[in-house]
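Okay, so here's the structure we're looking at.
Source: prediction; values computed, not measured. Residue numbers count from 1 along this sequence. Because only heavy atoms are used, hydrogens play no part in the values below, and waters and symmetry mates are left out as well, while side chains stay in.
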Amino acid sequence: MKDKLFTANYFWSFLSSFLMFFAFYLLLPVLPMYLMSQFGAGKSMVGIILSSYTITALLIRPFGGYLVDTFPRKLLLIICYCFFVACFGGYLLATTLLAFAVLRALHGVTFGMVTISNSTVAVDVMPSSRRNEGIGYYALSTNLAMAIGPTVALFLYETYLDYHYVFLTSLVAGMTGIFCVVMIKAPVVKSIKKQEPMSLDRFLLIKGLPCAFILTMLSFSYGILTTYVAVYGVEEVGLVSGTGMFFVIMAAGLVASRFLSASMMKAGKLNTVVMTGTLLAIVSYTVFIFLKTPSCFYLSAFMLGVSYGYITPAFQAMFINLGTHSQRGTANSTFYISWDLGIGIGVLAGGYIADLSNYTASYLAGLLFIIAGTLLFRSVVAQYYERNRLA
């Protein structure tokens, strides 16, 4: 009899993940504008402040993976989720650029912990026989949030012309997510034996480093895309309004990718899924950069949604399959470290390059990283994964 994947626990895990990332992605498109208008920050300063979130998340993740593999996962998830949500309330109180920068950095720490613990609990409630498929559908929670969140944010701002409505919506979404976490009935997972020697592999999945390197290259462009697309649409595509529609169409592409890649994910053809996604990303960014018309701008949104919908869940499944059961938290941690590192570098570099030239130059740098990452994955990492996977 086929193991049941779509259980109540899976639903609550999916919803808690969606709300967590929805609250997070609500802020991304408006924060550059908020920092510029509210505090008079320049493009480079905006890049530094926004990348600090990713940097602090990156720094805490190795320890987060160890903690998730050591302590009761659901209790740790509830604690981390509460601190993560509390930070959204802080944005309403930050009245100086320094206060905002410090809060943003602290928020990154909580984000680094909650994403690891949430995804690990989600994997725990999936039947092992359907894990690749489950991770694929679970990734849709993040994909939808990263597309719908910015859309809602831009709609709220364009409607009310007040950033506080965006911050409040993030706070409410996060509080709802806490309820979803409480509803999860997670299995008790045996912790690491105390006598097991401490090693670097408890903090970072060493076997996953080749995959981590490629994922970092691919997420570099995504950091630039999500952070600066609203400004790019106005300044270089010539849109007066409606940049929020980019994320709506991107969401459609993300949803489509789940159904298009489902059979390959279920069959374990992760290398094929990654290659399909990266090749489509190359085409998508080429259209996005060189054909600066509204129709091509929105067409590229759908194509980019499909491409990232292929790439991210396939890589997460790779990390899980390269680690043992007791390294599940560490595997998820390494996945998020790779993703965050690329995004953080992309946000920082994108702002710096735009200051020197323009946002087109920033996106060109992102395209070059995707091309290089695709070539390295095809020639080296795909074979490495097949030789070393455990599932």
Side-chain angles (χ1 to χ4, degrees), residues 9-10 13-14 16-18 20-21 24 54 57-81 84 108-126 128 130-143 145-146 181 184 186-187 189-192 200-216 218-219 265 270 311-343 385 388-391:
N9 287 327
Y10 187 87
S13 297
F14 182 97
S16 67
S17 175
F18 171 78
M20 173 182 65
F21 281 102
F24 165 65
T54 305
L58 174 66
L59 293 175
I60 197 64
R61 286 204 191 281
F63 304 98
Y66 175 77
L67 292 174
V68 168
D69 284 336
T70 305
F71 296 101
R73 288 173 177 171
K74 181 180 174 180
L75 177 60
L76 185 65
L77 171 58
I78 293 174
I79 294 171
C80 294
Y81 212 120
F84 171 73
V109 174
T110 65
F111 181 72
M113 285 297 303
V114 74
T115 46
I116 296 170
S117 53
N118 195 80
S119 60
T120 305
V121 168
V123 173
D124 285 342
V125 302
M126 300 176 194
S128 58
R130 303 186 68 182
R131 187 175 299 147
N132 285 342
E133 183 185 5
I135 290 173
Y137 285 114
Y138 176 78
L140 186 58
S141 65
T142 306
N143 298 151
M146 70 174 61
V181 168
I184 301 171
V189 178
K190 190 176 181 181
S191 62
I192 300 170
L200 181 61
D201 210 35
R202 297 266 37 105
F203 300 92
L204 196 67
L205 189 67
I206 302 302
K207 285 175 61 178
L209 290 182
C211 291
F213 182 74
I214 300 300
L215 184 59
T216 299
L218 299 178
S219 64
M265 288 289 291
L270 301 183
I311 292 169
T312 52
F315 267 103
Q316 186 171 17
M318 282 181 170
F319 284 105
I320 296 295
N321 293 341
L322 286 168
T324 63
H325 178 77
S326 64
Q327 293 178 309
R328 193 169 288 168
T330 305
N332 274 317
S333 171
T334 308
F335 166 75
Y336 283 113
I337 287 171
S338 312
W339 183 254
D340 286 348
L341 180 61
I343 288 179
Y385 169 73
N388 292 276
R389 66 178 185 174
L390 300 178

So CG of N9 and CZ of F14: to nearest 0.5 Å the spacing works out to 15.0 Å
Could you tell me which non-hydrogen atom of G65 sits nearest to which non-hydrogen atom of S333, and how far apart they are? CA-CB, 3.7 Å
Would you please test F335 and I320 for side-chain contact (heavy atoms from CB on, under 4.5 Å) and show each step? CA-CA 9 Å; F335 166 75; I320 296 295; over 6 Å; no
I337 vs L204, side-chain contact (heavy atoms from CB on, under 4.5 Å): CA-CA, chis, key distance, verdict: CA-CA 9 Å; I337 287 171; L204 196 67; 3.7 Å; yes
To the closest 0.5 Å, what do you measure between OG1 (T324) and CG (L205)? 8.5 Å
State, to 0.1 Å, how close L77 and S117 come at their nearest heavy-atom pair, and which atoms those are. CD1-OG, 3.4 Å
Value rounded to 0.5 Å, distance of CG in D124 from NZ in K74: 12.5 Å
Are F24 and T115 close enough that some pair of their side-chain heavy atoms sits under 4.5 Å apart? no
Correct closest heavy-atom pair for M318 and C211 would be SD-SG, 4.1 Å
Looking at N118 and S16, would you say the former's side chain and the latter's main chain have a donor-acceptor pair under 3.5 Å? no
Kindly compute the distance separating OG (S13) from CD1 (I184), expressed to the nearest 0.5 Å. 3.5 Å
Does any N or O in the side chain of Y138 come within less than 3.5 Å of the main-chain N or O of M126, such that one atom is a donor and the other an acceptor? no
Would a 4.5 Å heavy-atom cut-off, applied to side chains only, mark V121 and L76 as touching? no
Would you check if the side chain of R61 reaches a backbone N or O of G112 as a donor-acceptor pair within less than 3.5 Å? yes
Would you say the side-chain atoms of E133 pair up with the backbone N or O of R130, donor to acceptor, closer than 3.5 Å? no
All heavy atoms of S119 vs all of N332, minimum pair found to be OG-CG, 3.4 Å
Using 0.5 Å steps for rounding, measure from the CG atom of L270 to the CD1 atom of I311. 13.0 Å
State whether the side chain of T216 and the backbone N or O of G342 hold a donor-acceptor pair below 3.5 Å, judged by distance alone. no
Of all the heavy-atom pairs spanning L322 and G208, show the shortest one and how long it is. CD1-CA, 4.0 Å
Would you confirm whether the ring centroid of F21 sits within less than 6.0 angstrom of the ring centroid of F111? yes
Rounded to the nearest 0.5 Å, how far does CZ of F319 lie from OG1 of T334? 6.5 Å
Does Y137 form a side-chain contact (heavy atoms from CB on, under 4.5 Å) with Y10? I'd like the steps, not just the answer. CA-CA 10 Å; Y137 285 114; Y10 187 87; 3.3 Å; yes
For P313 and I135, the nearest pair of non-hydrogen atoms, with its separation, is O-CG2, 3.8 Å
